[in-house]
Number of protein chains: 2
Amino acid sequence: MPPFDLSRTRDTSTEEIHPCSACAARSLSVCAALEPEELRRLADLTQTVRYESGHTLFGEGDAADALYNVTAGTVKLYKLLPDGRRQITGFLMTGDFLGLALNESYAYSAETVTDTSLCRFPRRKMEALLDEFPRMQRRLFSMASNELAAAQDQMLMLGRKSAREKICSFLLMLSQRAVRRGFKENPVTVPMSRADIADYLGLTTETVSRTFTQLKTERVITLLEGGKVRLNDMDALHDLAEGA
Amino acid sequence: MPPFDLSRTRDTSTEEIHPCSACAARSLSVCAALEPEELRRLADLTQTVRYESGHTLFGEGDAADALYNVTAGTVKLYKLLPDGRRQITGFLMTGDFLGLALNESYAYSAETVTDTSLCRFPRRKMEALLDEFPRMQRRLFSMASNELAAAQDQMLMLGRKSAREKICSFLLMLSQRAVRRGFKENPVTVPMSRADIADYLGLTTETVSRTFTQLKTERVITLLEGGKVRLNDMDALHDLAEGA
DNA sequence: GGGCCGCGTTGACGTGGATCAAAGTGCCAC
DNA sequence: GTGGCACTTTGATCCACGTCAACGCGGCCC
């Protein structure tokens, strides 16, 4: 799709001397709470990669030969039905980890939503490291637990919430994740397209668009330029997200 | 709800001398592939418990003080919205493990669907054991990975499949799980109520009922007594489950 | 027995969100 | 500038599934 790949030619050698400790949100990433020795060993096998938006990291069924930690940008994970229907199972942002399901092949596809940089860990070496350092494995396990909890929340959303509740939940999630990454600013950045949002929420682009304008009309949110959304009343939004 | 609790008074001392190794589907359970020493230590902290159908094991937000391995029966996990809407996030059957998300409190509720027996592992002791035996932790991690993959499948189902596709997917899942537990018989046992199925698939009981009779009319399935369902054409069912 | 209750089925009807269609907007190439 | 393209918005219509309501059936208690 993209005519050429700018990202690959960019010189990153000066910006990331020690790739893993450069993970922007270290407290969130796999590097969190590791001993210096563990961190050094992890850095040894780390490759940093950069892709522009729309790049496919891997597809469902591909051999799972690497794990990633997102250090900048947004990545979407999705599954497809044979006829092309798509369900986005999650968006990964700075600090998020990709490839927790340590199976032989990926159970989903991953594609960049924006220009993205990642730390890449070859799987074999990573597994060896996990065997050596149980603390790291424990860390990954705890991350998997959190993902499991998030997956359950999303099931509740997909199965039982209305379109309006889904959109409000989605905006709140973006807001909360921004806060956790240390960005407290209220106008939330929504880097993904309407189609991506629709496929994440189990809706169509038309419904997503309509619901946004509806919420805008009711002054619950304000749509700003650059894909930003101001949440005018967090409490109201929270109620709207759960049908209270 | 139940007038009295038969199960608690039943004498299990003779049937399960070594509780963990008695896990019916050991190859599936947490005990799988453990060394004798690990197994013995695990057995030391195992309690076996039995509950009749409709018993609440724990509720969302309760302090997470135990993990369980289902040894017989069926358990449902669910989350609720403030107004009572419910999403069942999974059914656990013989061999399945409960409480993988090792957080301070449970993120969901768990309730027995049928009479159920379980191995109960106090959380603190279990964590200590995991620290001692990284192999066990690895085993749990791998189970969590599988759950994550299952959760993604369910998201795809909830977000993108029609009622008919959901029902077919559901029946196929029951069938596959029965096979994995060693029961090859085709008439699948469906132990849960229409309401439970509906809350699992993001539908209403009426739609579930109608879809069943519709599939019955088309000779895709046959409804048998005792909550059993014969799948008349597995290939057709597989196609129906994915809109092929 | 009779009444009640929980569960499942069926029917009639309503509606939220999908579908189909078209127009608006911004961006890039030329 | 003009054209093309991808994305978004808006409108009109449709329909799959929800809602509301009635009824059937089996189990259990009195």
Side-chain angles (χ1 to χ4, degrees), chain A residues 1-4 6 52-54 76 81 83-87 111 113-114 157-168 170 190-217 221-229 240 243, chain B residues 1-4 6 52-54 76 81 83-87 111 113-114 157-168 170 190-217 221-229 240 243:
Chain A
M1 192 74 63
F4 60 97
L6 249 184
E52 63 179 12
S53 70
K76 63 189 173 199
L81 285 172
D83 63 4
R85 279 174 289 174
R86 185 176 67 150
Q87 177 65 43
E111 190 179 322
V113 171
T114 63
M157 193 197 65
L158 287 169
R160 289 304 181 202
K161 288 189 183 176
S162 70
R164 156 183 286 249
E165 289 164 346
K166 286 175 176 178
I167 293 285
C168 291
F170 173 67
V190 182
M192 57 292 281
S193 69
R194 296 289 182 264
D196 284 346
I197 299 173
D199 282 346
Y200 178 70
L201 300 176
L203 300 170
T204 59
T205 60
E206 293 94 330
T207 299
V208 171
S209 184
R210 270 187 261 268
T211 307
F212 267 121
T213 58
Q214 191 182 327
L215 290 171
K216 188 180 65 176
T217 307
I221 63 174
T222 311
L223 299 179
L224 307 173
E225 56 185 16
K228 287 184 183 295
V229 178
L240 282 174
Chain B
M1 192 72 64
F4 59 97
L6 249 183
E52 63 180 10
S53 69
K76 63 189 172 199
L81 285 172
D83 62 4
R85 280 175 289 175
R86 184 176 68 148
Q87 177 65 44
E111 188 178 323
V113 171
T114 63
M157 193 198 64
L158 287 169
R160 288 304 181 203
K161 289 190 183 175
S162 69
R164 158 185 283 249
E165 288 165 346
K166 286 175 176 179
I167 293 285
C168 292
F170 173 68
V190 183
M192 57 291 283
S193 69
R194 295 290 183 261
D196 284 346
I197 298 173
D199 282 346
Y200 178 70
L201 300 176
L203 301 170
T204 58
T205 59
E206 292 94 330
T207 299
V208 171
S209 184
R210 270 187 260 268
T211 307
F212 268 122
T213 58
Q214 189 182 328
L215 290 170
K216 190 181 64 177
T217 307
I221 62 174
T222 310
L223 299 179
L224 308 173
E225 57 185 16
K228 288 185 183 293
V229 178
L240 282 175

Are there any protein N/O atoms within less than 3.5 Å of an N/O atom in nucleotides 13-15 of chain D, and if so, which ones and at what distance?
none

(Q) So, using side chain to side chain contact (heavy atoms under 4.5 Å, CB included) as the criterion, who are the partners of B:Thr114 when residues are at least two apart? (A) B:Thr74, B:Thr116, B:Pro191
Q: Please report the shortest heavy-atom distance between A:Thr205 and A:Ala198, naming the atom on each side.
A: N-CB, 3.6 Å
Q: Let me know the distance between CG of A:Asp199 and P of D:dC7, rounded to the nearest Å.
A: 13 Å
Tabulate protein N/O versus nucleotide N/O from nucleotides 14-17 of chain C, keeping only pairs under 3.5 Å, one per line.
residue: C:dG17; atom: OP1; partner: A:Ala163; partner atom: N; Å: 2.8

Q: Kindly give the heavy-atom pair with the smallest separation between B:Gly159 and A:Leu158, and that separation in Å.
A: CA-CD2, 4.1 Å
Q. How close or far is atom P of C:dT9 from atom CG of B:Leu215, stated in whole angstroms?
A. 12 Å
(Q) Just to be sure I understand the rule, does B:Ser193 reach a base, reach only the sugar-phosphate, or reach nothing, if contact means heavy atoms closer than 4.0 Å? (A) sugar-phosphate
**Q.** Gap between atoms CD1 and P, on B:Ile197 and C:dG8 respectively (whole Å)
**A.** 8 Å
(Q) Testing the basics here: between A:Gly243 and B:Asp83, what is the closest heavy-atom pair and its distance to 0.1 Å? (A) O-OD2, 4.1 Å
(Q) Let me test you: for the helix from C:dG1-D:dC30 to C:dC30-D:dG1, what is the angle between the axes at its two ends (five pairs each), rounded to 10 degrees? (A) 30°
Q | Between P of C:dG26 and CZ of A:Arg194, the distance in whole Å | A | 14 Å
**Q.** Approximate separation, where rounding is to 0.5 Å, of A:Arg164 CZ and A:Leu203 CG
**A.** 13.0 Å
Q. About how many Å separate CG of A:Leu224 and NZ of A:Lys228, when rounded to the nearest 0.5 Å?
A. 8.5 Å
Could you write out each protein N or O paired with an N or O of nucleotides 20-28 of chain D at a distance under 3.5 Å?
residue: D:dC20; atom: N4; partner: B:Glu206; partner atom: OE2; Å: 3.0

Q: Drop me the distance from A:Ile197's CD1 to A:Ser209's OG, to the nearest 0.5 angstrom.
A: 10.0 Å
Q) What is the distance from CD of B:Gln214 to C1' of C:dG11, rounded to the nearest Å? A) 15 Å
Q: Take A:Leu81 and B:Lys161 through the side-chain contact (heavy atoms from CB on, under 4.5 Å) test and state the conclusion after the steps.
A: CA-CA 9 Å; A:Leu81 285 172; B:Lys161 289 190 183 175; 3.7 Å; yes
Q) Considering heavy-atom distances to DNA chain D, does A:Ala195 or A:Arg160 have its closest nucleotide positioned more toward the 5' end? A) A:Ala195
**Q.** Contact summary for A:Tyr200 and A:Met157, nearest pair of heavy atoms
**A.** O-CE, 4.3 Å
Q | Rounded distance in Å - CE (B:Met192) to C1' (C:dG6) | A | 18 Å
Q) Just how far is it from atom CD1 of B:Ile167 to atom CD of B:Gln214, taken to the nearest 0.5 Å? A) 10.0 Å
Q: Of all the heavy-atom pairs spanning B:Phe170 and B:Met192, show the shortest one and how long it is.
A: CZ-SD, 3.7 Å
**Q.** Rounded distance [0.5 Å steps], OG1 in B:Thr213 versus CG in B:Leu223
**A.** 8.0 Å
Q: Taking only the side-chain nitrogens and oxygens of B:Thr205, find out if one of them lies under 4.0 Å from OP1 or OP2 of C:dT9.
A: no
**Q.** From B:Thr204 atom OG1 to B:Arg194 atom CZ, the distance as rounded to the nearest 0.5 Å
**A.** 12.5 Å
Q.
In this structure, how many angstroms lie between the C1' atom of C:dA18 and the CZ atom of A:Arg86, rounded?
A. 17 Å
Q) Taking atom P of D:dC17 as reference, at what distance in whole Å does atom CG of A:Leu158 sit? A) 16 Å
Q. Tell me, which pairs form a salt bridge (charged side-chain N to carboxylate O under 4.0 Å, His left out) where one or both residues lie in residues 195-211 of chain A, sequence neighbours left out?
A. A:Lys76-A:Asp196, A:Arg86-A:Asp196, A:Arg86-A:Asp199, A:Asp199-B:Arg160
